[in-house]
Amino acid sequence: MASKGRNPKKGGDQKREKLLIAAIDFGSTYSGYAFSFKDDFQINPLKIYTNNWSAEQSGGISYKAPTTVLLKPDQTFHSFGYDAEDKYATLTEADEHEGWYYFSRFKMKLMNALDISKHQSGSNGLFTEQKRDMEIGDIDDKKMSFMTIIAHAIRYLKEHLLKQLKEKNVLDTITVDGIFWVITVPAIWTDSAKQFTREAATEAGIHDDQLMLAYEPEAAALYCRLLPIDKFESGGEHQELVLRTFERGKTFMVLDLGGGTVDVTVQETTYDRKMKTIYKVCGGPWGGTKVDETFLGFLDDLFGPEVMNFLKQECRSEYLEFLRGFELKKRTIENESMRKVTLKIPAAFNYIVLEKSGTTIQDQIKASRYNIAVSFAGDKLSIEHPLFASFFKTSVDDIICNIQDILKHESCQNIKGIITVGGFADSAIVNSAMRNAFPDRKFIIPMEAGLAICKGAVLFGHDPDVIFSRICRYTYGEKVCDPFDEAIHPTSRRIIVEGSPFCSQIFRKFFTEGQVVTLDNGIEMKSRASFIDAWRKQKRFEPIEIYVYISDKKCPMYVDDEGCRQLGVVKVNCDNGIWPEKVYITTRMEIAGTEIKVTATMHTGEKVSATFNFL
C-alpha cells in the first residue's frame with residue numbers, strides 16, 4: 001500500500017544511477033510511454049523510443065492506447081487499452097458483461113475530486129473526507145478504489161515497457177533498479193492530485209526514489225526546442241520563427257491541448273539554455289472530452305435522454321462503437337469543409353427509437369430543430385459541417401478567453417510563437433479557431449504533436465534541473481498563533497495560552513501568489529517553543545503537525561479568510577521515539593519542483609523526518 005505521507009526529492013537527489021529513463025504519459029483519453037538510455041541521451045537527446053499499439057478499429061497503428069481499464073467480476077485486472085475495449089465489446093455482444101468492471105476516461109475525475117477549492121471544510125477548518133480512500137464508479141457506477149484503478153493503468157504500462165525491454169535483451173545489461181520513471185501530469189493539477197498519482201504509482205510497483213512527476217506543457221517545450229525544423233508542420237514556411245522562438249532570452253507560449261485538460265504556460269529560454277516560467281500556469285477542463293459532452297448533449301436533445309440512456313445500457317457494444325466513430329471524426333474532420341460528416345448508426349438504434357418514441361429516426365429528426373442540418377438514410381446519420389463544428393465551440397471559446405487573459409499581462413507582451421501540442425492539437429477546427437482569434441501570433445505545431453509530451457518527459461527525467469524556475473499559483477502559509485495585539489487583532493480571535501493572550505488562526509506566509517521560485521529556493525520557518533512545550537506535555541510521542549494553507553490572495557491575514565483553504569499537513573516525526581522536553585523545530589519548504597519538498601531540523605541541528613500529506 002502507498003505510504004500516507006511523503007517527502008518528494010528532486011531529480012538531482014536521487015541515489016540510484018539513472019541508466020534508462022522511462023516516461024509514462026497517463027492521459028485522460030489516451031496513454032502511452034517512451035524511453036531512452038543515458039548513453040544515447042548524451043550523444044543524441046532525441047533518440048527516444050516509443051511503442052506502437054494495434055488499433056485496427058481506428059485504421060491501423062496508434063502511438064497511444066485508450067485509457068481504459070477492464071476488471072474481472074472478482075475485481076482482478078483483465079486488460080487495458082484497445083484490448084480492454086475489444087474484450088468488453090465481445091462480452092456485451094454475448095450479454096456476458098454483467099459483473100465486469102469497465103473504467104474509461106477517469107483521469108479528469110481525479111482532478112475534479114481533488115480540487116480543494118470545490119470542497120467544504122469542517123467546523124475545525126480541516127477537510128473531513130479521506131481523499132486517499134475515495135472511490136470511483138465504472139460504466140455502471142459499480143464502485144472501486146480510485147487509487148487502485150489508476151495503479152492498474154500505471155502498472156500495465158510499466159509492465160508492458162519492461163516486457164519490451166526484456167524481449168530486446170536490454171534487461172540483461174540494465175537492471176530494473178537502473179530505470180528511473182517519469183509520469184506526466186497537467187500543470188494545473190493540485191498538490192493533492194499529484195500526491196495521489198505518486199502513491200498510485202507506488203502501489204503499481206514503482207519505488208518512490210525512482211519516480212518523478214513532469215508537467216505536461218513543460219515537457220513538450222523541452223522536446224520541441226530540440227526538434228529540427230523539418231519536424232514541424234509548415235517547417236519551411238515558419239523556419240525563421242521556429243528558430244527565433246527558442247533563442248536565448250525569448251519568450252514563448254506552450255498550449256497543451258489534451259483530451260481532458262488544456263494547460264497554458266509561458267516560458268523563457270535563459271542564456272545558459274535552461275527554461276524558466278514567467279507567468280503562472282493556468283488552464284482548465286476544456287480538452288477533447290468537452291467536445292464529447294456537447295455532442296452527447298446534442299444527441300439527448302435530438303432523440304431524448306431516455307432513448308440514449310437505453311441505448312447505452314442495453315446495447316453497450318453498439319453504443320461504444322458509435323462513440324469510437326465519433327472520436328475518429330472529431331480528430332480528422334477538416335475545417336471549413338463543404339462535405340457533411342457521416343456517422344454510422346447502430347442497427348439497434350432504429351428499433352429503440354421506434355419503441356421508446358413511437359416514431360422513426362427520420363420523423364424524430366424532421367420534428368427537431370436540427371431538421372435542416374441533420375439527415376438519416378440507411379445506417380448513416382449525416383450532420384452539416386457548421387453544426388458539427390459547433391460541438392467544438394464551448395471548448396474553443398474557453399481556450400481563447402484564457403489565452404487572451406494571459407496576453408494582457410505585461411510579461412507576456414512579446415510572445416510571438418505559440419507551440420501547440422497534445423492529442424487535441426490534431427484538430428483542424430481548433431487550430432483554425434486559434435489562428436483566427438490571434439492573427440498576429442504564429443502557431444508552431446510539431447509533427448506527431450501527441451508524442452511531444454511523452455518524449456519531453458524523457459528529456460526531463462535525464463535533466464530535471466533544466467527547468468530553472470516556476471511561478472507560484474497560490475500564496476502558501478501555515479496556521480499559527482501570534483501574541484495578541486489589540487491594535488490589529490479582533491477580540492473574537494483572542495485566546496489564552498499558559499496565561500498569555502494570543503491571536504488564533506493567523507496565516508503565516510511561506511510563498512506569495514505570482515512569486516518566482518528557483519531551484520533550491522526555500523523558506524525556513526521556526527515553530528514557537530511555548531506551544532510545543534505545552535503540546536508536548538500530553539503528546540511527547542506523537543508527530544508535530546503543521547497545518548498548511550493556500551490562498552488566491554497575496555496577503556491573507558487569517559486561514560479562514562475568503563479564498564483560503566487547507567492544503568495539507570506537515571508531520572514532523574521524532575526519529576528517536578520521544579521528543580525532548582524543550583525543542584525548537586525549523587521546517588524548510590521548497591516548491592520550485594513539480595512537487596513540494598519539506599525538511600525539518602531540531603534546534604540541536606539534528607535532522608528529523610518530515611512528510612507532507614495532501615490526502
Side-chain angles (χ1 to χ4, degrees), residues 29-31 53-59 62 65-107 109 135-146 148-150 152-153 156 289 292-293 295-330 342-364 376 378-381:
T29 310
Y30 291 91
S31 296
W53 306 85
S54 175
E56 295 179 3
Q57 55 277 74
S58 60
S62 170
T67 308
T68 302
V69 172
L70 180 64
L71 305 183
K72 300 174 186 176
D74 63 359
Q75 299 185 348
T76 58
F77 178 81
H78 181 275
S79 50
F80 177 85
Y82 291 111
D83 292 339
E85 289 189 348
D86 291 343
K87 176 62 177 178
Y88 192 68
T90 301
L91 289 168
T92 55
E93 287 170 2
D95 199 23
E96 296 175 352
H97 62 284
E98 191 71 28
W100 288 70
Y101 292 78
Y102 183 82
F103 296 90
S104 182
R105 301 189 177 190
F106 45 84
K107 179 182 173 182
K109 295 178 183 177
E135 295 183 326
I136 182 177
D138 77 337
I139 194 170
D140 292 317
D141 204 32
K142 297 190 298 295
K143 303 297 184 183
M144 279 284 295
S145 161
F146 205 161
T148 297
I149 299 304
I150 294 177
H152 278 312
Y156 176 85
T289 53
D292 302 346
E293 292 173 9
F295 175 66
L296 292 175
F298 155 76
L299 294 176
D300 282 348
D301 191 19
L302 183 60
F303 299 114
E306 182 184 3
V307 170
M308 295 307 302
N309 187 60
F310 189 87
L311 178 67
K312 175 182 176 181
Q313 298 299 328
E314 302 302 326
C315 304
R316 188 69 52 80
S317 178
E318 292 93 337
Y319 179 78
L320 294 175
E321 185 64 28
F322 176 60
L323 293 185
R324 272 183 184 174
F326 172 74
E327 179 69 23
L328 183 60
K329 294 291 185 181
K330 183 180 76 175
T342 59
L343 298 170
K344 185 177 180 180
I345 291 289
F349 198 36
N350 290 284
Y351 305 106
I352 293 173
V353 171
L354 187 60
E355 178 184 341
K356 294 295 180 183
S357 66
T359 60
T360 64
I361 290 180
Q362 290 92 334
D363 290 339
Q364 284 278 91
F376 178 75
D379 62 350
K380 298 292 192 299
L381 183 72

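- Expressed to the nearest 0.5 Å, how far CD of Glu321 lies from CD of Glu93 amounts to 8.5 Å.
- Summarising the geometry, atom NZ belonging to Lys380 is positioned 6.0 Å from atom NZ belonging to Lys344; distances are rounded to the nearest 0.5 Å.
- Looking only at side-chain heavy atoms (C-beta outward), Gln313 and Asp140 come within less than 4.5 Å of each other.
- Nearest approach of Gly81 to Ala65, heavy atoms of both residues: CA-CB, 4.1 Å.
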Could you walk me through whether Asp300 and Lys312 pass the salt bridge (charged side-chain N to carboxylate O under 4.0 Å, His left out) test, one step at a time? CA-CA 12 Å; Asp300 282 348; Lys312 175 182 176 181; over 6 Å; no
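- More than 12 heavy-atom neighbours from other residues, nucleotides or ligands sit within 6.0 angstrom of CG on Asp74.
- Phe106 and Phe103 have perpendicular rings, their planes meeting at more than 60° on a 0 to 90° scale where under 30° would count as parallel.
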Please determine whether salt bridge (charged side-chain N to carboxylate O under 4.0 Å, His left out) holds for the pair Glu327 and Arg324, giving the CA-CA distance in whole Å, both sets of side-chain angles, and the decisive distance to 0.1 Å. CA-CA 5 Å; Glu327 179 69 23; Arg324 272 183 184 174; over 6 Å; no
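- Side chain of Ser357 to main chain of Val353: a donor-acceptor pair is present (N/O by atom type, distance under 3.5 Å, no hydrogens or angles).
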Ile139 vs Arg316, side chain to side chain contact (heavy atoms under 4.5 Å, CB included): CA-CA, chis, key distance, verdict: CA-CA 10 Å; Ile139 194 170; Arg316 188 69 52 80; 3.3 Å; yes
Test side chain to side chain contact (heavy atoms under 4.5 Å, CB included) on Phe349 and Met308 and set out the steps. CA-CA 9 Å; Phe349 198 36; Met308 295 307 302; 3.9 Å; yes
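- In terms of heavy atoms, Ser31 sits closest to Trp53 at O-NE1, 4.4 Å.
- Paired with Ile136 under the rule side-chain contact (heavy atoms from CB on, under 4.5 Å), one option of Lys142, Lys109, Lys143 passes, and it is Lys109.
- Atoms OG1 and CG, from Thr360 and Leu354 in turn, are 7.5 Å apart once rounded to the nearest 0.5 Å.
- The OG1 atom of Thr29 sits 4.5 Å away from atom CZ of Arg105, with the distance rounded to the nearest 0.5 Å.
- Minimum interatomic distance between Glu85 and Pro66 (heavy atoms only, all atoms of both residues): OE2-CB, 3.4 Å.
- Residues Ala153 and Phe80 approach most closely at CB-CE1, 3.8 Å, considering heavy atoms.
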Please assess Ile149 against Asp138 for the test side chain to side chain contact (heavy atoms under 4.5 Å, CB included), listing each intermediate value before the final yes or no. CA-CA 10 Å; Ile149 299 304; Asp138 77 337; over 6 Å; no
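- Ring pair Trp100/His78 is perpendicular by interplanar angle, where above 60° counts as perpendicular and below 30° as parallel.
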CA sep, side-chain torsions, deciding dist, call: Thr90, His97, side chain to side chain contact (heavy atoms under 4.5 Å, CB included): CA-CA 8 Å; Thr90 301; His97 62 284; over 6 Å; no
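- Considering every non-hydrogen atom in both Ser317 and Thr92, the closest pair reads CB-OG1, 2.9 Å.
- We find the OH-OG distance between Tyr88 and Ser79 to be 12.0 Å, quoted to the nearest 0.5 Å.
- Atoms CG and CG, on Leu302 and Leu381 in that order, are 7.0 Å from each other to the nearest 0.5 Å.
- Relative ring orientation between Phe326 and Phe295 is described as parallel, the plane-to-plane angle staying below 30° on a 0-90° scale split at 30° and 60°.
- Proximity of Lys330 to Asp292: side-chain heavy atoms (C-beta onward) are separated by under 4.5 Å at one or more points.
- Judged by the 6.0 Å and 45° rule, Lys356 forms a cation-pi pair with Phe310.
- Taking the side chain as every heavy atom from C-beta outward, Thr67 and Lys107 never approach each other to under 4.5 Å.
- Looking at every heavy atom in both residues, Ile361 comes nearest to Phe303 through CG2-CE2, 3.9 Å.
- Within the 4.5 Å cutoff, no side-chain heavy atoms of Tyr101 are placed close to those of Leu70.
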